[in-house]
Each structure stands twice: as C-alpha cells, then as structure tokens.
Amino acid sequence: MLDIRIIREQTDRVKARLRLRGGDGWQSIDEVLSLDESRRKAETEKQSLQSERNRVSRDIGIAKKQGGDTAGVEARMRAIGDRITQLDREAGELDARQEALLLGIPNLPHEACPEGQSAEDNPEVRVWGAKPDFKFEPKDHVTLGKSLGLFDFESAVKITGSAFVVYRGQGARLERALINFLLDLHTREHGYTEILPPFLVNAASLTGTTQLPKFSDQLYHCPEDGLYLAPTAEVPVTNLHRDEIVDTASLPIKYTAYTPCFRREAGAAGVGTRGLIRMHQFDKVELVKITLPDQSMEELEKLTADAEKVLQLLGLHYRVIELCTGDIGFGSAKTYDIEVWAPGQGTYLEVSSCSNFGDYQARRMKLRYKDPETKKNVFAHTLNGSGTALARLYVALLETCQREDGSIALPAALQAYFGAAEIRG
RNA sequence: GGAGAGAUGGCUGAGUGGUCGAAAGCAACGCUUUGCUAAAGCGUCGUAGCCCUUAAAGGCUACCGAGGGUUCGAAUCCCUCUCUCUCCGCCA
C-alpha cells in the first residue's frame with residue numbers, strides 16, 4: 001500500500017512512477033485524493049463535535065450530582081450525537097472506499113528498476129554456466145520421468161484432476177532429496193531460520209502480502225472456514241510479523257520455508273499440458289527477509305545470490321534477468337528472475353523471482369520497528385524469493401543430467417540426499 | 001460438536017455508567033547518588049488519525065479482543081462474532 005501522505009505531497013511523481021508500469025493504476029490517484037479530502041473534512045467536523053460532547057457530558061455529570069436540571073442540555077446533546085453518528089458513517093464510508101482504492105494501486109517501481117513496457121524489455125543481468133552439449137537428442141522430462149517411473153499424471157487426474165502429479169518411488173525420493181538439500185543449504189550456509197508454517201492462511205495474511213483483494217481468482221478458497229490455500233510460503237512466513245513492532249536488533253530477519261504452493265492458474269494458457277512446468281500444486285522452498293529500509297537493496301542482491309547458489313551447486317546453467325517497470329509484480333519495487341535452462345524444452349524456465357517490496361507490504365500488514373534515533377515506529381522493508389521452486393528445478397535437473405540410455409547422473413551435491421549417484425529404471 | 005471461564009498498555013494486574021488513556025507493581029530508558037557487578041531516589045515511558053505549523057512545539061479525537069446497540073455520557077450495560085483456557089465428545 002502506498003503512503004497517502006506521499007500521494008498527497010508528491011502527486012505528480014507518484015503518477016509518473018505508476019505510469020511506468022503501463023497499467024491503469026495511476027488513474028485512481030485523483031479519486032483517492034478527492035476521497036481523502038472529503039474524508040478529512042468529515043473527520044475534522046466529527047472530532048470537534050465529539051470534543052464538545054465530551055466537555056458538556058462532563059458538566060452534565062457534575063450538575064446532576066448537585067441536583068440541577070439538565071433536560072435542556074441533554075436534548076441539545078442528543079442532536080449533536082445524531083450529527084456525530086451521521087458524520088461517523090460518512091467518514092467511515094469514505095475511509096473504506098479510500099482504503100479499497102489504495103489496496104488496488106500497485107507499488108511504485110524503484111528508481112533502480114529498469115524502464116520498459118513488457119517482458120521483451122527485461123535486461124539480462126548475468127549468465128552462469130553454458131547450455132550442455134549433448135551427443136544425442138536430449139529427451140524431455142515427461143519422457144524421462146515416464147520411462148524411469150518417477151511420476152505420472154494419469155493417477156493424479158483420477159484422484160484429483162488435471163495439472164496435478166503423483167511422484168512415485170525414486171521420483172518421490174528425488175523431490176524429497178531436493179527439499180532437504182535446499183533447506184540445509186539455506187539454513188546451514190546462508191543463515192536463514194527454517195519455518196514450517198500452516199499451508200492454509202486467512203484473508204488478513206493474504207491482504208498483507210498483496211494476493212488479496214486483487215488476485216482472489218488465483219486462490220483456492222474454503223469459504224466455510226474463511227481460509228485459503230497458500231499460493232506461496234511468502235504469505236504465512238512474511239505475515240509472522242504482521243501487526244508487530246519487531247526488535248530492531250533482530251533485523252535483518254531471514255526465514256526459509258518449504259511448503260507446497262496452490263494456484264488455480266485461472267486464465268493461464270497451457271495449464272497441465274507441458275508436464276511439470278505449470279501445476280496447480282507444486283513444492284517450493286522460499287526465502288523471506290525483513291530488513292531496515294536502507295539495507296533492503298543490498299539484501300536483495302544477497303538473497304538473489306543465495307537462490308543462485310542452488311543452481312550452481314547442482315551444475316545447472318541459468319541466467320538472471322531484471323524485470324522492467326512494465327513487468328514487475330504488483331507489490332514489488334524491484335525484481336530479479338532466475339531462469340534455469342531446460343534442454344528438453346529448449347527454453348529457460350523461471351525458478352525464482354526475487355523481489356524487494358520496500359515498505360509496500362509492511363504498510364499493509366503494519367510491520368514496523370522502532371527507530372533507535374527518533375524513537376518513531378517505522379515500516380520495515382520486506383523481500384522474498386524462491387530458493388527455489390521445485391517442479392521446474394526437477395525438470396531442469398532431469399533434462400540436464402540425462403544420459404543417452406535414459407538414466408540420470410545426479411550432481412554430487414545431491415547424491416547423499418538421494419542416497420545414490422544415479423537414477424535408473 | 002456440547003458445557004463453562006476468560007480477553008485491559010512490553011508483562012502482571014486494578015477498575016461494573018461521569019474529568020479513565022486508564023491505579024499499582026514489574027520491565028525498559030534517562031538523570032542523580034552510593035559505590036560495586038548491586039541498590040536507592042527522581043523523572044520519562046502505548047498506538048493511530050485530524051487540525052495548526054517550513055519544522056519543532058502544541059491542540060483535538062479515537063483505541064481497554066472485533067463489530068454493532070443502549071445513553072447527554074461506556075473499559076464498565078446489551079447483542080453478535082473471533083480467539084484463548086478447562087471439561088466432555090470425536091479424531092491423526
């Protein structure tokens with residue numbers, strides 16, 4: 001959520017930054033401002049009447065104790081009370097509309113975010129490794145998985161539906177090995193604290209991390225209980241500190257969490273048609289940071305590096321791109337995407353999106369720290385990124401590490417976790 | 001699912017219609033003193049919004065789990081909801 005004061009005081013700059021996103025978010029700025037003005041007017045009148053009521057009511061109490069007749073004043077106060085009720089309703093309604101609009105306005109792209117209209121304009125930041133050179137025609141992961149018996153989609157269709165998968169045997173073990181490898185890497189080598197959160201979350205949490213109210217169509221919802229399946233561990237983990245004033249000395253807070261992620265993928269093209277690449281449920285190990293404002297950009301670089309380390313240790317070729325203003329996510333001020341090479345697909349697959357949200361999420365969830373200098377409560381900065389998503393990592397791993405005979409040669413870093421050096425049918 | 005109890009400031013905990021934003025204690029912070037690894041005295045010590053200000057200062061309003069209601073006036077009375085605890089039931 002944007003700071004209404006900044007919208008008030010730097011209207012032109014706010015609009016200009018929002019325009020760089022290419023959407024129509026900036027168009028509601030004028031409406032927000034006019035609501036804000038009406039709201040404050042109603043508020044001010046209400047408060048001065050409340051002040052009068054407080055004062056007179058006190059006098060009535062005193063007069064009554066002395067046996068005075070207060071019927072006349074009481075009648076007048078009744079009228080003022082009615083007016084207060086009316087103004088309160090007005091102010092409340094204006095406030096709700098202003099809040100609703102503000103929740104629908106995306107974050108301002110950071111000055112460091114490259115300008116551009118669409119994904120076409122995303123600059124490549126760096127490349128690690130190179131596309132593997134196969135002496136044979138590499139197979140895709142669906143073919144490899146089928147011949148090795150690692151997973152199957154038909155069973156998932158029977159028990160659930162399309163775009164779900166059942167891992168079996170060595171396939172299930174590989175998924176588990178990857179999860180353990182990732183969590184150990186981030187906790188032991190990178191200093192993150194492991195969290196195992198609930199997979200169902202409430203509406204307040206989803207509002208805090210921006211999935212609600214705007215993206216409700218992407219969420220699985222249990223209306224009887226008011227709960228949603230978490231689309232990413234970002235939601236439960238960042239919201240651990242919602243409505244808190246965190247100890248300044250504890251910053252930066254660094255969490256990592258494994259969770260399955262549930263996404264309806266409404267309107268997404270090709271759901272369920274390309275193997276493991278886009279699923280309604282997939283595993284992910286997430287990285288979340290809460291930092292001081294002046295450290296968040298530096299922490300974003302570190303977080304991205306922590307995610308990249310995964311691919312380096314697994315020997316998977318990848319590139320890092322920076323999302324331009326026209327392509328960054330709703331709440332993000334700056335984002336790096338990490339894309340791993342999948343030889344069987346002949347494309348790069350996004351396995352991590354590392355974002356600095358500035359104070360945008362923190363303001364929504366009232367996540368603050370006390371500035372030791374000024375003694376004021378200040379909104380912290382929040383960051384997150386996948387470290388990494390599992391399904392696509394699995395795809396890249398199978399397709400990169402395949403041998404001509406269809407077996408998989410596991411990277412050294414994974415062998416102890418998997419309990420073998422290779423996968424054979 | 002059934003029955004009961006409860007929810008007050010960082011914590012403990014008073015307060016059942018009228019200067020209560022809220023006693024007291026603890027913790028924290030600052031100063032002073034004694035001196036030593038602790039103690040005493042004094043002071044400060046919630047959050048947010050609005051107004052006025054370049055700002056500081058100041059004024060006002062709201063908040064005692066959440067939302068409604070009664071009343072001139074609500075932490076206090078009434079209703080609904082949420083959460084916590086205890087017991088029963090069910091259950092991995």
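FYI, side chains are in, hydrogens and waters are out, and symmetry mates aren't considered; it's all heavy atoms of this structure. Letters go in sequence order (proteins before strands), and every chain restarts at 1.
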Colleague: Does this structure show an ion pair linking A:Arg168 with A:Glu154, if we count only N-O contacts that are shorter than 4.0 Å?
Modeller: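 Salt bridge between A:Arg168 and A:Glu154, a charged N being under 4.0 Å from a carboxylate O: no.
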Colleague: Taking atom P in both B:A39 and B:A22, what distance in whole Å separates the two?
Modeller: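 Those two atoms are separated by 30 Å.
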Colleague: Do A:Lys309 and A:Glu189 meet the salt-bridge criterion of a basic N to acidic O distance under 4.0 Å?
Modeller: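 So A:Glu189 does not pair with A:Lys309 through a salt bridge.
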Colleague: Please give, in whole Å, the distance from B:G68 P to A:Asp88 CG?
Modeller: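 Interatomic distance, CG of A:Asp88 to P of B:G68: 8 Å.
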Colleague: Want to settle it: does A:Gly61 or A:Arg368 sit nearer the 5' end of RNA chain B, counting the closest nucleotide to each?
Modeller: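 By nearest-heavy-atom nucleotide position, the 5'-most residue is A:Gly61.
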Colleague: Answer yes if the side chains of A:Asn202 and A:Ser205 hold a donor-acceptor pair under 3.5 Å, and no otherwise.
Modeller: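 Indeed, the side chains of A:Asn202 and A:Ser205 share at least one donor-acceptor pair under 3.5 Å.
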Colleague: Picking from B:C60, B:G49, B:G18, which would you name as closest to the side chain of A:Lys64?
Modeller: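 The nucleotide sitting nearest to the side chain is B:G18.
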Colleague: Cut-off 3.5 Å, side chains only: do A:Tyr258 and A:Glu194 have a donor facing an acceptor?
Modeller: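 A:Glu194 and A:Tyr258 do not have a side-chain donor-acceptor pair below 3.5 Å.
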Colleague: Which whole number of Å gives the distance between the P atom of B:C50 and that of B:A56?
Modeller: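 Here B:C50 and B:A56 have their P atoms 14 Å from each other.
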Colleague: Given the rule that a pair is Watson-Crick or G-U wobble with both distances under 3.5 Å, how would you write RNA chain B in dot-bracket, using | for pairs to a different strand?
Modeller: ((((((((.[[[..)..(.....]]].(((((.......))))).((((((......)))))).[[[[[..)....]]]]])))))))....
Colleague: OP1 or OP2 of B:G73 sitting under 4.0 Å from any side-chain N/O of A:Asn54?
Modeller: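 Negative; the distance criterion is not met.
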Colleague: For the side chain of A:Ile60, counting heavy atoms from C-beta on, which of B:C72, B:G49, B:U47 is nearest?
Modeller: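 Of the options given, the side chain of A:Ile60 lies nearest B:C72.
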Colleague: Does the side chain of A:Arg39 get closer than 4.0 angstrom to OP1 or OP2 of B:G49 through an N or O atom?
Modeller: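 Checking B:G49 against A:Arg39, no side-chain N or O comes under 4.0 Å of OP1 or OP2.
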Colleague: So which nucleotide from B:U47, B:C72, B:C50 ends up closest to the side chain of A:Ser57?
Modeller: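 The listed nucleotide nearest to A:Ser57's side chain is B:C72.
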Colleague: Examine the side chains of A:Thr256 and A:His186 and answer whether a donor and an acceptor come within less than 3.5 Å of each other.
Modeller: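 Checked: A:Thr256/A:His186 side chains show no N/O donor-acceptor pair below 3.5 Å.
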Colleague: Taking B:C26 as the reference, what is the distance to B:U16 when you measure between their P atoms (whole Å, please)?
Modeller: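 Going atom to atom, P in each nucleotide, I get 24 Å.
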Colleague: In residues 76-83 of chain A, which ones come under 4.0 Å of RNA chain B, going by heavy atoms?
Modeller: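 Result for residues 76-83 of chain A: A:Met77, A:Arg78, sorted by number.
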Colleague: Would you measure the distance from the P atom in B:G18 across to the matching atom in B:G73 and give it in whole Å?
Modeller: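 Between the two P atoms, the distance is 14 Å.
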Colleague: Parallel, tilted or perpendicular: which describes the rings of A:His280 and A:Phe164, with under 30° parallel and over 60° perpendicular?
Modeller: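 Answer is tilted, since the angle falls between 30° and 60°.
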Colleague: When you get a sec, tell me which of B:C72, B:C51, B:G49 is the closest nucleotide to the side chain of A:Thr44?
Modeller: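 Of all the options, the side chain of A:Thr44 is nearest to B:C51.
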Colleague: Mind checking A:Asp59 for me? I need base, sugar-phosphate or nothing, with any heavy atom below 4.0 Å counting as a touch.
Modeller: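 No contact at all - A:Asp59 keeps every heavy atom at 4.0 Å or more from the nucleic acid.
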Colleague: Give the rounded distance in Å between these two atoms: CD of A:Glu52 and P of B:G73.
Modeller: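 It works out to 13 Å between those atoms.
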Colleague: Within the pair A:Thr70 and B:C72, is there a side-chain N or O less than 4.0 Å away from OP1 or OP2?
Modeller: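 No.
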Colleague: Round to a whole Å and report the spacing from CD of A:Glu43 to P of B:C51.
Modeller: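 One finds 9 Å between P of B:C51 and CD of A:Glu43, rounded.
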Colleague: C1' atom, B:G13 versus B:U19: distance in rounded Å?
Modeller: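 My reading of the C1' atoms in B:G13 and B:U19 gives 24 Å.
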Colleague: Round to a whole Å and report the spacing from CZ of A:Arg5 to P of B:A48.
Modeller: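 From A:Arg5 CZ to B:A48 P: 10 Å.
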Colleague: Take atom CD1 of A:Ile245 and atom P of B:G9, then tell me their distance rounded to the nearest Å.
Modeller: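 Taking CD1 of A:Ile245 and P of B:G9, I get 13 Å after rounding.
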Colleague: Looking at B:G49, B:C51, B:U47, which one has an atom nearest to any side-chain atom of A:Gln47?
Modeller: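 When the side chain of A:Gln47 is considered, B:G49 is the closest of B:G49, B:C51, B:U47.
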Colleague: Under a 3.5 Å threshold, yes or no: a donor from one side chain and an acceptor from the other, between A:Thr209 and A:Glu234?
Modeller: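 No.
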Colleague: From CG of A:Asp243 over to P of B:G9, roughly how many Å is that when rounded to an integer?
Modeller: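 The distance from CG of A:Asp243 to P of B:G9 comes to 14 Å, rounded to the nearest Å.
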Colleague: How long is the line joining CG of A:Asn202 and P of B:G65, in whole Å?
Modeller: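 These atoms are roughly 20 Å apart.
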Colleague: Roughly how far apart, to the nearest Å, are B:A62 and B:A27 at atom C1'?
Modeller: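 Comparing C1' positions in B:A62 and B:A27 gives a spacing of 28 Å.
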Colleague: Between A:Asp36 and A:Arg40 (salt bridge meaning N to carboxylate O under 4.0 Å), is one present in this structure?
Modeller: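 Counted as a salt bridge, because a side-chain N and a carboxylate O are separated by less than 4.0 Å.
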Colleague: When all nucleic acid strands are considered with a 4.0 Å heavy-atom cut-off, which category describes A:Arg8: base, sugar-phosphate, or nothing?
Modeller: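 It contacts sugar-phosphate atoms only.
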Colleague: Classify the side-chain pair A:Thr143/A:Asp140 by whether it contains a donor and acceptor separated by less than 3.5 Å.
Modeller: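 A pair is found: one side chain offers a donor N or O, the other an acceptor, under 3.5 Å apart.
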Colleague: In whole Å, what separates the C1' atom of B:C45 from that of B:C31?
Modeller: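 To the nearest whole Å, 14 Å.
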Colleague: Side chain of A:Arg53 only, heavy atoms from C-beta on: which candidate in B:C60, B:C72, B:G49 is closest?
Modeller: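 When the side chain of A:Arg53 is considered, B:C72 is the closest of B:C60, B:C72, B:G49.
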Colleague: Could you tell me the separation between the CG atom of A:Asp36 and the C1' atom of B:G49, rounded to a whole number of Å?
Modeller: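 Atom-to-atom, A:Asp36 to B:G49, this comes out as 11 Å.
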Colleague: Parallel under 30°, tilted from 30 to 60°, perpendicular over 60°: which one fits the rings of A:Tyr360 and A:Phe330?
Modeller: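 Aromatic pair A:Tyr360/A:Phe330 classed perpendicular.
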Colleague: Between A:Glu175 and A:Tyr394, is the side chain to side chain donor-acceptor pair (under 3.5 Å) condition met? List the steps.
Modeller: CA-CA 7 Å; A:Glu175 182 80 353; A:Tyr394 198 106; 5.6 Å; no
Colleague: Taking the C1' atom of each, how far is B:U84 from B:A28, in whole Å?
Modeller: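 Straight-line distance between the two C1' atoms is 28 Å.
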Colleague: Among B:A48, B:C72, B:G49, which nucleotide has an atom closest to any side-chain atom of A:Asn377?
Modeller: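 Output: B:A48.
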Colleague: Closer to the 5' end of RNA chain B via nearest nucleotide, is it A:Arg58 or A:Lys376?
Modeller: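 Looking at the nearest nucleotide for each, A:Arg58 comes out on the 5' side.
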Colleague: Could you check if a side-chain atom of A:Leu410 sits within less than 4.5 angstrom of a side-chain atom of A:Glu422, using non-hydrogen atoms only?
Modeller: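 Not touching, per the 4.5 Å side-chain cut-off.
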Colleague: Does any donor-acceptor pair link the side chain of A:Glu74 with the base of B:G73 at a separation under 3.5 Å?
Modeller: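 Per atom types, no contact qualifies.
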